[in-house]
Number of protein chains: 2
Amino acid sequence: MTADLAAVARRAGVSPATASRVLSGRGPASAASRQQVLAAAAELGYRPHPVARRLARGTGTRVVFGFRDRRTDVLSDQWVCRVVAAVAEVADRHGLGVSLRRLPLDCGPDLAEIAADRSVAALVLAGHDRSVRPAMRGRVATIGAAVDGIPGADVDSAAGLTALLTHLHAQGRRRIALVGGQRWLGAARAPRDAYASFVTAAGLPSRTVTGDFTAARGRAAARRILDRWPDTDAVVAVNDATALGVLAGLAQAGAAVPHDIAVTGFDDLPTADAVRPALSTATHPVERIAAAACTAALGLAPGAGLFPSRPVLRESA
Amino acid sequence: MTADLAAVARRAGVSPATASRVLSGRGPASAASRQQVLAAAAELGYRPHPVARRLARGTGTRVVFGFRDRRTDVLSDQWVCRVVAAVAEVADRHGLGVSLRRLPLDCGPDLAEIAADRSVAALVLAGHDRSVRPAMRGRVATIGAAVDGIPGADVDSAAGLTALLTHLHAQGRRRIALVGGQRWLGAARAPRDAYASFVTAAGLPSRTVTGDFTAARGRAAARRILDRWPDTDAVVAVNDATALGVLAGLAQAGAAVPHDIAVTGFDDLPTADAVRPALSTATHPVERIAAAACTAALGLAPGAGLFPSRPVLRESA
DNA sequence: CTGTTAGCGCTTTCAT
DNA sequence: ATGAAAGCGCTAACAG
């Protein structure tokens, strides 16, 4: 039914090899043959067979998004879902699909399996830290800090958090607490460090509580903070989900936001603007980040890069 | 490097065809040969080449999730992202990837293009209505109402909404407004109808406002409702995003939830439980729905099915 | 139940 | 620049 390359070549009066060169844009071809081939392809309504192409080239057909986490219920994480969707949209432009794979903390075996799967064109990793080293020969990128040689599409969270802290400080907040992330997570490090530098530089007390990027823990963290340091006047959360939890926890405890306590999130998920009080946070170009990680993993772009984290001030701070 | 089928066959002392039959589980094979082949495969660490397999079988390598909507920014819709992620997880088990494709309202040409793409193993459609008819020969399923012959993984939203309305009524709410969805959207029909039947049966006034499944419109809808029917004592929203917006709009107008006005959502997204007041809504098995649609589209399951919508009562109603 | 023989559709050396 | 030919790795129709 559908015309194949041979048919196009025949009609163009050239060999399949030449037709292939023209249609795939790889390899030389005279203007004349190019002309013929293109015309023939158009007339025949030729559509290359992506699968055949990938088999011949030895490239895979899907990019795996590997998310390393302790939770089993990955789908309830908005950030994860958003990134997967973003990657799915980018991948579509390359004729590829995305698979979501939850990875345990000790993901060596899983990574080896992924590397051995020849349907995998590339691996995009998130939730990693220094200890994670993919078993793949290239075709890998991370969302988050780059790890030895592997390109990473990272958010400049140090700058973003510092900007938020600066804002709070300018507002007169002097007893600022941080709800951070798990220690095993690479992405939790930068915020923690940025917070530490800021408070010491500004001569503020350091008040840190560990969360896990979920609203549930954010809520618990709010209570803990109120218990330990009742005079806290601002809470900086490592992401929006946590901040939402903090908001809920504070409301439950009867603290007024932002009057008594200011709250900030991180990521600027759609909900940040839908809740009351609207969440002040830092916004990140998720789509561009996903796209960068994806193309870098596919080897279509040199490296990934550092993306801006811009404060978005709404009502909560 | 990696052993191929021929190597396994050779080592097992059988033909490639037999090895293929055993390893792919299709076609007959004597216990003896099966034994040999399996052993040989194990010893050689044989991993089938998914791409070659798909080329030979003529099946595609990815499932396209087509989302029909007027918005360009699909990624800011939590439901969409969640479904994509869920499909991506299910697809992974079949060695497939998912592509996300935004479809315009008039998506005929796009569907034709998707059908012509031989890398597409299946199409999962959402945001459709009766007018949409995929150009594919099978390999399609919808999330939402089934349309002529195409299986659909649908939520029993009529039952879910009715349950919510019944709850509100039992609470003494008598002036209940609905924030529905766009008329061109098939998924918006069932809730609208369910609401209509309920209010007429209960002898309540009908108060309907059209939303678009976003928080922004939900907020606007809340204001409109307050304007037109100041004595409204409950607002039922067609989804959680809308409900979040309604919550924000009511808060802004100084209405207390649930004291003055009760609010309900639909879907039970993770945020529903993170906001204050926590959103009363109806919960749906998103993963199972996505899985059903995916497997049905791939032709691995007969049809999709109707999934339960169970009320989850929290604080807002 | 098994082997033989063609493919699936495109790419890519390697000569020319 | 171009063509012939040899794959990429597996599946499936067809005899036997």
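What you are looking at is a predicted structure, and each value in this text was computed from that prediction instead of being measured. Chain naming here is simple, since letters A, B, ... match the order of the sequence lines and numbering starts at 1 in each.
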Considering only [options], which nucleotide approaches the side chain of [X] most closely?
| X | options | value |
| --- | --- | --- |
| A:Ser33 | D:dT2, C:dG9, C:dC1 | D:dT2 |
| B:Arg53 | D:dG9, D:dT2, D:dC10 | D:dC10 |
| A:Arg57 | C:dT11, D:dT2, C:dG9 | C:dT11 |
| B:Ala52 | D:dG9, D:dA1, C:dT12 | D:dG9 |
| A:Pro48 | D:dA1, C:dC1, C:dC10 | C:dC10 |

Please identify which of these residues, B:Asp267, B:Asp268, B:Asp156, meets the side-chain hydrogen bond (donor to acceptor under 3.5 Å, both in side chains) condition with B:His284. B:Asp267
Assess whether a salt bridge exists between A:Asp77 and A:Arg102, defined as any Lys/Arg side-chain N lying under 4.0 Å from an Asp/Glu carboxylate O. no
Do A:Asp129 and A:Arg68 sit within salt-bridge range, that is, some charged N less than 4.0 Å from a carboxylate O? yes
Gap between atoms [atom1] and [atom2], on [X] and [N] respectively (whole Å):
| X | N | atom1 | atom2 | result |
| --- | --- | --- | --- | --- |
| B:His49 | C:dC10 | NE2 | P | 17 Å |
| B:Asp4 | D:dG7 | CG | C1' | 12 Å |
| A:Leu55 | D:dC8 | CG | C1' | 4 Å |

Among side-chain atoms of B:Thr61 and B:Arg54, is any donor-acceptor pair under 3.5 angstrom? no
Presence of B:Ser30 side-chain N/O under 4.0 Å of C:dC1 phosphate oxygens OP1/OP2: no
Are B:Arg26 and D:dA12 close enough that a side-chain N or O sits under 4.0 Å from OP1 or OP2? yes
Within this structure, what is the CG-CZ distance for the pair A:Asp92 and B:Arg101, rounded to the nearest 0.5 Å? 4.0 Å
Output a table of nitrogen or oxygen pairs between the protein and nucleotides 3-7 of chain C separated by less than 3.5 Å.
| from | atom 1 | to | atom 2 | distance (Å) |
| --- | --- | --- | --- | --- |
| C:dG3 | OP2 | B:Ser15 | N | 3.0 |
| C:dG3 | OP2 | B:Ser15 | OG | 3.2 |
| C:dG3 | OP2 | B:Thr18 | OG1 | 2.7 |
| C:dG3 | N7 | B:Arg21 | NH2 | 3.4 |
| C:dG3 | O6 | B:Arg21 | NH2 | 2.5 |

